[in-house]
Protein chains: 2
Amino acid sequence: MSKKQLIMESALELFAKQGFEATSVQQITEHAGISKGAFYLSFKSKDELIIGLIDHFMLEFISDIDHVVKNHDNDKNLLNEFYKTAFHSFQKHSDFAKIFIKEQSQTVNEELISKMHHYDKLIDKIILGMLERLYGEEVIYTKYDLIYCVKGFMHTYSQLFLFFNVPLDLHLLSQSLAEKTSLLAKYAETTFITEELYKTLNETLNEKVTKAQILEIIEQKIEEIDEPTESESLVLLKEHIKEPNLSPAIVKGLLSNLKDHSRCKQVSYLLRNYLEL
Amino acid sequence: MSKKQLIMESALELFAKQGFEATSVQQITEHAGISKGAFYLSFKSKDELIIGLIDHFMLEFISDIDHVVKNHDNDKNLLNEFYKTAFHSFQKHSDFAKIFIKEQSQTVNEELISKMHHYDKLIDKIILGMLERLYGEEVIYTKYDLIYCVKGFMHTYSQLFLFFNVPLDLHLLSQSLAEKTSLLAKYAETTFITEELYKTLNETLNEKVTKAQILEIIEQKIEEIDEPTESESLVLLKEHIKEPNLSPAIVKGLLSNLKDHSRCKQVSYLLRNYLEL
DNA sequence: TATACTAATGACTGATTGGTCATTTGTCAA
DNA sequence: TTGACAAATGACCAATCAGTCATTAGTATA
């Protein structure tokens with residue numbers, strides 16, 4: 001494990017327990033068994049660390065639910081699978097989920113706030129796509145409102161397994177929320193969040209991932225990954241992004257090499273978005 | 001205005017903007033135009049201040065919605081009035097609402113956590129009473145689940161006017177949520193939070209379960225369960241709790257016998273908590 | 001073994017924290 | 001005007017913070 005990963009894991013645990021502000025760099029380095037100086041060899045600052053954590057896990061979460069919505073072929077079960085995937089991800093990375101909920105609107109750091117909004121919008125987009133696919137014209141006026149209901153459900157119910165250590169039947173939970181969502185989609189008529197209001201709320205942020213950002217993420221992944229296929233695919237794609245030199249078919253093939261690798265699928269998602277595929 | 005009130009108002013503003021941890025006593029006293037020493041004449045510590053704030057506003061909020069539920073005589077409009085009152089209160093005390101959402105699960109302070117749980121339970125009770133009054137037998141199995149839906153709606157939609165400064169039509173919002181709640185109450189069937197799960201959650205929140213309580217729960221389960229493995233495991237664990245006589249490995253094994261049985265996993269959870277495993 | 005280079009250390013800095021307390025200021029009645 | 005007492009002050013404390021950097025340890029090459 002790289003030092004960077006070691007630090008991130010230690011920090012994750014402490015941030016989840018105490019919150020970001022209340023956790024000192026000293027505590028993190030002691031918990032990781034390294035010196036304070038070593039921390040600053042991996043991260044320029046404490047802020048850079050939390051942003052790294054947010055990026056890492058949010059990308060994984062988003063690529064997970066995006067994958068389900070894009071590739072699940074049984075519409076009847078899609079809602080169910082969506083919730084199951086989301087909650088499974090929360091449970092798997094419960095320390096991160098705690099941090100995410102805690103720092104969601106509590107931070108002072110400007111960059112972090114816009115990061116959060118950015119990811120929130122990506123989630124919105126995925127939920128919206130799902131609702132459109134499932135209900136089409138039926139929800140044309142209510143879909144923006146429904147996004148908030150879905151997120152409301154996810155928030156309240158996720159508290160259950162995040163902050164009370166209760167064993168829960170995620171399958172039943174997903175089924176229950178799928179039923180509720182479906183009921184609202186089919187019968188709710190009084191919409192509060194219209195398309196216009198939704199657009200107004202979100203017009204604040206509209207930034208794409210920059211070339212530099214995506215290159216940095218790929219480089220980080222290359223160091224992290226040992227498997228030759230994935231590693232080589234990443235190197236080739238990195239060069240292609242610096243200066244396009246591969247045919248669409250090759251790019252697509254390389255991306256599919258990454259799609260099913262658990263630690264590469266989020267970068268695969270980012271690349272698909274960046275290359276507009 | 002008393003010095004105490006002056007300090008509370010200044011702190012409210014700063015906590016809402018920056019969070020509790022990130023706001024220093026110095027900042028508060030400067031903002032209030034008093035000396036640092038004067039702060040400690042009114043409050044024994046910074047923690048006492050935040051607890052005072054939580055108490056003050058939560059009591060007002062809770063008495064507001066309780067009053068609506070208890071005294072509103074037109075059942076047809078009750079849901080609507082409930083949401084309107086809640087959101088009106090959020091809007092009127094938006095600084096406090098921000099603090100409440102931010103610190104809800106982020107704080108380290110033990111007293112504050114139990115305060116929060118206490119008020120959360122009071123809110124639950126009010127919502128539950130409202131649902132029972134409106135739908136009676138109809139929601140006998142779904143009402144605990146519905147509490148979480150109502151709170152989910154309140155949480156997501158309140159973010160809108162708390163963190164985006166957009167003028168919103170609270171009347172329409174309340175109407176929309178009342179319709180949604182009513183739909184779920186009438187048609188939702190797949191309940192996730194059963195009465196038993198709800199009670200389990202709230203028991204663990206409270207002070208620790210006592211030995212007598214846990215023994216009683218186990219005895220009740222033993223009578224309820226027919227399967228020999230689960231039943232025998234319960235009997236052995238009961239003896240172990242009366243007087244510890246089993247090795248950690250055996251205890252762990254017995255608990256895992258219970259974990260996957262749908263009607264035993266709650267008691268398994270309680271035991272794990274009680275035995276601090 | 002000698003050299004060159006990177007990785008890692010932890011004592012240190014200056015700033016800030018929550019909280020204290022000797023001192024000053026303000027307000028009374030006598 | 002004086003004395004008594006409460007209200008208010010802010011310099012001060014030890015602890016802790018994020019971040020730095022001269023120094024050392026470890027490793028690879030010649």
Side-chain angles (χ1 to χ4, degrees), chain A residues 1-55 99 102-103 106-113 115 219-220 222-224 226, chain B residues 1-55 99 102-103 106-113 115:
Chain A
M1 195 188 331
S2 74
K3 193 127 289 182
K4 214 162 176 167
Q5 274 177 284
L6 174 70
I7 294 170
M8 283 172 90
E9 278 181 26
S10 286
L12 197 63
E13 209 176 301
L14 294 168
F15 287 167
K17 219 185 296 173
Q18 312 170 341
F20 175 70
E21 295 271 1
T23 303
S24 69
V25 174
Q26 189 109 289
Q27 278 178 287
I28 297 167
T29 57
E30 270 168 24
H31 191 267
I34 60 169
S35 69
K36 207 168 171 186
F39 175 93
Y40 286 94
L41 292 177
S42 293
F43 295 93
K44 277 211 286 285
S45 68
K46 197 182 157 193
D47 278 1
E48 196 188 271
L49 166 63
I50 183 92
I51 284 171
L53 283 171
I54 300 275
D55 276 339
I99 297 171
K102 284 176 183 173
E103 311 297 330
Q106 106 93 41
T107 180
V108 197
N109 184 314
E110 274 299 323
E111 192 183 348
L112 196 44
I113 289 178
K115 270 263 147 70
E219 272 160 28
Q220 212 173 316
I222 290 173
E223 281 182 32
E224 188 187 319
D226 296 324
Chain B
M1 194 189 329
S2 77
K3 194 128 288 181
K4 216 163 175 164
Q5 270 178 288
L6 175 69
I7 293 170
M8 283 172 89
E9 278 182 25
S10 286
L12 197 64
E13 208 175 304
L14 293 168
F15 288 166
K17 220 186 291 172
Q18 311 169 343
F20 174 69
E21 296 271 2
T23 303
S24 68
V25 174
Q26 189 109 297
Q27 279 178 287
I28 297 167
T29 57
E30 271 169 22
H31 190 266
I34 60 168
S35 71
K36 207 169 169 187
F39 174 92
Y40 287 94
L41 292 177
S42 293
F43 295 93
K44 276 213 286 286
S45 66
K46 196 183 158 193
D47 278 2
E48 198 188 89
L49 166 62
I50 183 94
I51 285 171
L53 284 171
I54 300 276
D55 275 340
I99 295 171
K102 284 177 182 174
E103 311 298 330
Q106 107 92 41
T107 180
V108 198
N109 185 312
E110 274 298 324
E111 194 185 347
L112 194 45
I113 289 178
K115 270 263 148 71

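Here is how names work: the chains are called A, B, and so on, in the same order as the sequence lines, proteins then strands, and each is numbered from 1.
For A:Leu41, the listed nucleotide lying nearest its side chain is C:dT9; candidates were C:dT9, D:dT20, D:dT9. Residue A:Ser35 has its side chain nearest to C:dA8 when only D:dG19, D:dA8, C:dA8 are considered. Taking the side chain of A:Ala38 as heavy atoms from C-beta on, and the options D:dG10, C:dG19, C:dT9, the nearest nucleotide is C:dT9.
Taking only side-chain nitrogens and oxygens, A:Ser24 comes nearer than 4.0 Å to OP1 or OP2 of D:dC17. OP1 or OP2 of C:dG18 has at least one side-chain nitrogen or oxygen of B:Lys46 nearer than 4.0 Å.
Using a 4.0 Å heavy-atom cutoff across all strands shown, A:Ser42 reaches no nucleic acid atom at all.
Between the P atom of C:dT17 and the CG atom of B:Leu14 lies a distance of 12 Å, rounded to the nearest Å. In this structure, CD of A:Glu21 is placed 13 Å from C1' of C:dT16, rounded to the nearest angstrom. Rounded to whole Å, the distance from CD1 on A:Ile7 to C1' on C:dA7 is 13 Å. For the pair B:Ile50 CD1 and C:dG18 P, the computed distance is 13 Å after rounding to whole Å. A straight line from CD of B:Glu48 to C1' of C:dG19 spans 13 Å, rounded to a whole angstrom. Atom CD in A:Gln27 sits about 6 Å away from atom P in D:dC17, given to the nearest Å. Taking atom CD of residue B:Gln26 and atom C1' of nucleotide D:dC17, one finds them 15 Å apart after rounding to whole Å. The NZ-P distance, from A:Lys44 to D:dG19, rounds to 12 Å in whole Å.
Contact check for B:Phe43 versus B:Val25: no side-chain heavy atoms found under the 4.5 Å cut-off. You'll find the side chain of B:Ile99 reaches within 4.5 Å of the side chain of B:Ile50, heavy atoms only.
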- List the steps and the verdict of side chain to side chain contact (heavy atoms under 4.5 Å, CB included) for B:Lys46 and B:Phe20. CA-CA 9 Å; B:Lys46 196 183 158 193; B:Phe20 174 69; 3.7 Å; yes
- Message: Checking B:Lys115 against B:Ile51 for the side chain to side chain contact (heavy atoms under 4.5 Å, CB included) test, could you report, in this order, the C-alpha distance in whole Å, the side-chain angles of both residues, the deciding distance, and whether it holds?
- Response: CA-CA 8 Å; B:Lys115 270 263 148 71; B:Ile51 285 171; 3.8 Å; yes
- Task: Begin with the C-alpha distance, continue with both residues' side-chain angles, and end with the deciding distance and a verdict on side chain to side chain contact (heavy atoms under 4.5 Å, CB included) for A:Asp47 and A:Leu112.
- Result: CA-CA 8 Å; A:Asp47 278 1; A:Leu112 196 44; over 6 Å; no
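In this model, a side-chain donor or acceptor of A:Lys36 finds a partner on the base of D:dA18 within 3.5 Å.
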